[in-house]
Amino acid sequence: MEQKIKEFPAFKVNGFIMLAVVGAIALVGGWYIWSRITGLEALLARGLKVTDFIGGDDTIAELVAWLTATLLIVVIPSLSGFFTVEPNQAVVLVFFGQYMGTVRESGFWWTNPFASKQKISLRVRNFNSKIIKVNDAEGSPIEIAAVVVWQVFDSAKSKFAVDDYEEFVAIQSETAIRALAIRYPYDSTDDTATPSLRGIPDEIAQALQKELQARLEVTGVEVIEARLSHLAYAPEIAQMMLRRQQAKALIDARRQIVEGAVGMVNEALNRLSQEQMIDLDDERKASMINNLLVVLTSEQTAQPVINTGTLYN
């Protein structure tokens with residue numbers, strides 16, 4: 001069965017305090033061994049027997065051997081228990097295959113010298129995905145890429161839930177980008193408020209972040225921000241889509257010009273009627289409207305024509 005491992009604080013002691021304790025033990029033990037050896041040499045130099053001083057031939061040798069062994073067992077292994085933690089860094093402790101906790105506080109520490117220590121960065125990192133070619137919701141091939149800002153928040157999950165959490169972030173990010181692209185069209189083809197990749201960038205960024213967070217939760221990774229960095233039609237349809245966009249822009253411009261021209265003609269007719277400058281029958285109004293619309297909507301400069309007669313002659 002899968003083990004549910006969550007981060008928890010590990011046992012640790014201030015490294016400077018333990019360094020002083022281990023140093024004191026080493027100094028006291030070394031001084032004692034040295035004093036016993038020098039005392040033995042002094043006895044031998046005066047011609048006295050060792051048994052006259054301690055009452056046994058092998059007592060000093062056994063004492064020195066035991067003391068030396070104790071120092072080797074206590075002092076030397078203790079040195080491997082010292083480690084440092086940098087800011088925004090965590091150290092995961094494992095003792096004979098058992099997770100013993102995580103140290104997050106920066107500084108110089110000492111812990112179980114037989115525990116392995118594995119460092120994991122807690123710094124904010126960026127993942128810039130490569131440009132991916134995928135079909136959008138309408139089946140049009142597009143190119144899409146994104147930038148993902150992420151950070152490790154649970155070092156135990158990042159270490160033990162997956163083999164390589166950095167590679168896992170990269171693969172799942174590209175998978176989430178593909179899943180997002182096929183749910184939305186590249187752009188809206190009509191005037192309705194259809195959600196599209198290009199039309200609602202903020203909502204798309206939030207949807208991508210939510211999708212990524214759901215996929216990366218198992219690794220103890222927090223997605224801080226995810227935003228599209230590249231969005232374009234695929235080269236094989238880019239020119240055709242560009243012409244469609246140009247045609248749509250031209251139609252919108254023409255519609256705005258016509259609406260403005262109709263408003264100006266209506267304003268001119270109302271002004272003539274209010275100030276009673278001239279009485280126009282329906283046929284003359286139609287001719288005037290036609291001439292004004294031609295002048296206002298034409299792309300070329302209008303050429304004036306002087307009519308010396310009447311509309312009916």
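Sequence positions, counted from 1, serve as the residue numbers for this chain. Since the structure is predicted, the reported quantities are computational estimates derived from the model, not experimental observations.
The hydrophobic cluster containing Val103 does not contain Phe153, counting ILVMFWY residues as joined when their side-chain heavy atoms lie under 4.5 angstrom apart, directly or transitively. Grouping the Ile, Leu, Val, Met, Phe, Trp and Tyr side chains by contacts below 4.5 angstrom, directly or via other members, places Phe11 apart from Phe95. Under a hydrophobic clustering in which Ile, Leu, Val, Met, Phe, Trp and Tyr are joined whenever their side-chain heavy atoms come within less than 4.5 Å, directly or via other members, Ile5 and Leu216 fall into the same cluster. No path of Ile, Leu, Val, Met, Phe, Trp and Tyr side chains, each step under 4.5 Å between heavy atoms, connects Leu180 with Val147, placing them in separate hydrophobic clusters. When hydrophobic clusters are built by joining Ile, Leu, Val, Met, Phe, Trp and Tyr residues whose side-chain heavy atoms come closer than 4.5 Å, directly or via intermediates, Phe16 is grouped together with Trp110.
No hydrogens or angles considered: nothing links the side chains of Ser173 and Ser129 as a donor-acceptor pair under 3.5 Å. Gln213 and Glu217 are linked by a side-chain donor-acceptor pair at a separation below 3.5 angstrom, with hydrogens and angles left out of the test.
Residues passing the ring-ring contact (aromatic ring centres under 6.0 Å, His included) test with Phe8, sequence neighbours excluded: Tyr99.
Between Glu86 and Arg123 there is a salt bridge, since at least one side-chain N of the basic residue sits less than 4.0 Å from a carboxylate O of the acidic one. Salt-bridge check for Asp154 with Lys159: failed, with every basic side-chain N at 4.0 Å or more from each acidic carboxylate O. Ion pairing between a basic and an acidic side chain is recognised when a charged N comes within 4.0 Å of a carboxylate O; Arg178 and Glu174 show no such pairing.
The heavy-atom pair separating Asp136 from Tyr186 by the smallest distance is OD2-N, 2.9 Å.
Atom CD1 of Ile224 sits about 12.5 Å away from atom CG of Leu212, to the nearest 0.5 Å. The OG atom of Ser229 sits 7.5 Å away from the CD1 atom of Ile177 when rounded to the nearest 0.5 Å. To the nearest 0.5 Å, atom CD1 of residue Ile132 and atom CD1 of residue Ile142 are 10.0 Å apart. Between the CD1 atom in Ile144 and the CG atom in Leu228 there is a gap of 4.5 Å [rounded to 0.5 Å]. Atom-to-atom distance recorded for Glu143:CD and Ile131:CD1 is 6.0 Å, nearest 0.5 angstrom.
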**Request:** Decide side chain to side chain contact (heavy atoms under 4.5 Å, CB included) for Leu93 and Lys117; before the verdict, give the C-alpha distance in whole Å, the side-chain angles of both, and the deciding distance to 0.1 Å.
**Result:** CA-CA 5 Å; Leu93 304 180; Lys117 305 164 189 67; 3.6 Å; yes
**Request:** Take Leu122 and Arg104 through the side chain to side chain contact (heavy atoms under 4.5 Å, CB included) test and state the conclusion after the steps.
**Result:** CA-CA 9 Å; Leu122 303 179; Arg104 281 177 171 258; 3.2 Å; yes
**Message:** Set out, in order, the CA-CA distance, both residues' side-chain angles and the distance that settles side chain to side chain contact (heavy atoms under 4.5 Å, CB included) for Lys6 and Thr102, then state yes or no.
**Reply:** CA-CA 10 Å; Lys6 296 183 65 177; Thr102 299; over 6 Å; no
**Request:** Apply ring-ring contact (aromatic ring centres under 6.0 Å, His included) to the pair Phe96 and Phe114, showing each step before the final yes or no.
**Result:** CA-CA 8 Å; Phe96 293 112; Phe114 299 102; 7.1 Å; no
**Asked** Do Val149 and Gln209 pass the side chain to side chain contact (heavy atoms under 4.5 Å, CB included) test, and can you show the C-alpha distance, the side-chain angles, and the key distance before you say yes or no?
**Response** CA-CA 9 Å; Val149 183; Gln209 180 179 355; over 6 Å; no
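A ring-centre distance under 6.0 Å is found for Phe108 and Phe82.
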